[in-house]
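Okay, structure first, notes after.
Chain A is the first sequence line, chain B the second, and so forth, proteins listed ahead of strands; every chain is numbered from 1.
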2 protein chains.
Amino acid sequence: MEPLNPYPPRFMLNVDKLLPCHSVDCVIIGYDKGALSVLVLKWKDLPLWSLPGGFIKIDEHLDDAALRILKDRTGLDMPFLTQFHTFGQAGGKRMSVESDIRELIKSNYPSIGTWFENRFITTGYLAMVQPSECRLVPDELSESCVWMPIKDLPELIYDHNAIVDQAIAHVKRQLNYLPVGKSLLPETFTMKTFKLLYESILGRELDRANFQKKMLKLGMLTRRGKENKGGAHKAPYLYSFDHDKYQELLEKGIGFIP
Amino acid sequence: MEPLNPYPPRFMLNVDKLLPCHSVDCVIIGYDKGALSVLVLKWKDLPLWSLPGGFIKIDEHLDDAALRILKDRTGLDMPFLTQFHTFGQAGGKRMSVESDIRELIKSNYPSIGTWFENRFITTGYLAMVQPSECRLVPDELSESCVWMPIKDLPELIYDHNAIVDQAIAHVKRQLNYLPVGKSLLPETFTMKTFKLLYESILGRELDRANFQKKMLKLGMLTRRGKENKGGAHKAPYLYSFDHDKYQELLEKGIGFIP
DNA sequence: TCTCATTGTGTTTATTTTACACAATGATAC
DNA sequence: GTATCATTGTGTAAAATAAACACAATGAGA
């Protein structure tokens, strides 16, 4: 005998313990093989993609809600995480897309009730992580949780594409105050990797020689030996961050890039 | 015959049409006589000071709520207004102060009911205005609405003092991207006034000659004649902004100050 | 051992920042 | 009138920084 409903309710929100008009969306950025990626969720049974997000418990700090969501998706405990904007749209584009999605949710997950019909204000959080450190786990509504190159993101629900754009713009503008290197690079890395990271964020090429000299002069890098696995060329040094010095420079907002 | 309740309900919130867990607090900054000031409200009948704030209507954009609150207090239609942080505290300091205030509100404004017992997430908005352009109007809970020098603010309710501090820190850090001159200075001004404004924001002295040359070189100032009312000294030029050029420089984030 | 893309560092030039000098101004005091 | 003087507008030299490019060293692969 076939089940009557091919999409039985597998998801239950404890709605009574959540703030009814505020949510969190996370733009989780990773860097791998020379490109920036964002963590996105593929919905169960539905042709929808979205950012990892969630709701805030009645007695939970907003930042803690973001941390919890991040930990649930990536397993990470102490990632770099900061809010970058609160999106307060009441209607317009968001609502028009939402109506389709609401229908889909209603028919597939009737147990959620009218929760998704609430009007939510959502705070966008930016996280920067090392993909290799993550143990990706989709949420109850999703079938998978994957890294997608920022240059080639699928269409996301609501205004999530715009949220990603704004997160990237934030990173670009706040570059001198964000721990991009420390958060996105592995423990040791070559100067070429470091420069490529900056170039993918800034969207422009940097002079190799000047980048190298500037970074070294800041005094936050420690040489860790040589990487002997490249091709037919000089083996580059490996570097790691002097975390104390790095933090000190960041707080003073001393620029890595003018 | 005396009224039974010396504090009759004079204030009614249309609670049904408001988001129940989100509010807006405005740090409205003005500049006058060489000092930065913030607009604060003195509560009716209570020894309390607070920032202008309010709630968001169900179908209102968060930014529009902030605009509405700002217009209600100052009469201004097109001020510079931007959000700078969303405060998501669930308990701690905020709640402990809040309990006193809740008692006061309950006994004095019983019609409000338990609204103020909700847990609110609040988005801080920064506005920069010219005090001389404002027609100050207190809100329903307040008896007055006044400019207070930032250096000498009274103790404010909740965590409003911390919100002000964070707003100022935001202005300092984002100085090169915020229209401080255009927003805070009158139509015409002397270079000395302009420099004093930057000095009060940055909290340090700037070289007079270099400041002047740099600002002139940017090409956003128009000379408007001389100010002939000073003391025994050379009369300074008056300047005004070339608004198009000013906007262009701001968007590119070209620095006024390195 | 020769090749060669890549790497580390040096040098030169242009630009910006900093510090300070100095003449011009114009209301005030005499 | 005119001498005074704090302030203002501009200039200039020194120091620091950024940009552009040169070049030798490296080391796996041919």
Side chain to side chain donor-acceptor pair (under 3.5 Å) evaluation trace for B/T222 with B/D242: CA-CA 6 Å; B/T222 317; B/D242 173 339; 5.3 Å; no
Pairs under 3.5 angstrom only: tabulate donor-acceptor contacts from the side chains of residues 205-217 of chain A to other protein residues two or more places apart or in another chain.
{"residue": "A/D207", "atom": "OD1", "partner": "A/A209", "partner atom": "N", "Å": "3.1"}
{"residue": "A/D207", "atom": "OD1", "partner": "A/N210", "partner atom": "N", "Å": "2.9"}
{"residue": "A/D207", "atom": "OD1", "partner": "A/N210", "partner atom": "ND2", "Å": "3.3"}

Main-chain N/O of B/P138 paired with B/S142 side-chain donor or acceptor, under 3.5 Å: no
Pairs where residues 69-84 of chain A contributes a residue and the test salt bridge (Lys or Arg N to Asp or Glu O under 4.0 Å) is met, not counting sequence neighbours: A/K71-A/D77
Any residue meeting side-chain hydrogen bond (donor to acceptor under 3.5 Å, both in side chains) with B/T123, in chain and number order, not counting sequence neighbours: B/H22, B/T86
Proximity to DNA chain D (any heavy atom under 4.0 Å), residues of residues 188-209 of chain A only: A/D207, A/A209
For atom CD1 of B/I254 and atom P of C/dT17, their distance in whole Å: 12 Å
Of B/K213 and A/K234, the one whose closest DNA chain C nucleotide lies more 5': A/K234
Side-chain atoms of residues 186-193 of chain A: list all donor-acceptor pairs with protein atoms under 3.5 Å, sequence neighbours left out, distances to 0.1 Å.
{"residue": "A/T190", "atom": "OG1", "partner": "A/T193", "partner atom": "N", "Å": "3.2"}
{"residue": "A/T190", "atom": "OG1", "partner": "A/T193", "partner atom": "OG1", "Å": "2.9"}

Any residue of residues 171-181 of chain A with a heavy atom less than 4.0 Å from an atom of DNA chain D: none
Below 4.0 Å: OP1/OP2 of C/dG26 and any side-chain N or O of B/K226: yes
Sugar-phosphate only, base, or nothing, as touched by A/K214 at under 4.0 Å among non-hydrogen atoms: sugar-phosphate
Nearest-Å distance for atom pair CE/C1', residues A/M215 and C/dT9: 17 Å
Test item: A/L185 and A/Q130 side chains (from C-beta on) under 4.5 Å apart, heavy atoms: no
5' priority, DNA chain C, between A/R223 and B/P258 [closest heavy atom]: A/R223
Distance, rounded to the nearest Å, where A/Y237 contributes OH and D/dA25 contributes C1': 10 Å
Rounded distance in Å - CG (A/N210) to C1' (C/dT9): 11 Å
Given DNA chain D, 5'-ward residue of the pair B/Q212 and A/I257, judged by closest heavy atom: B/Q212
Gap between atoms NE2 and C1', on B/H233 and C/dA23 respectively (whole Å): 17 Å
B/R223 charged N/C atom sitting above B/Y239 aromatic ring, 6.0 Å / 45°: no
Step-by-step side chain to side chain donor-acceptor pair (under 3.5 Å) determination, B/D63 to B/Y125: CA-CA 9 Å; B/D63 294 343; B/Y125 274 82; 2.3 Å; yes
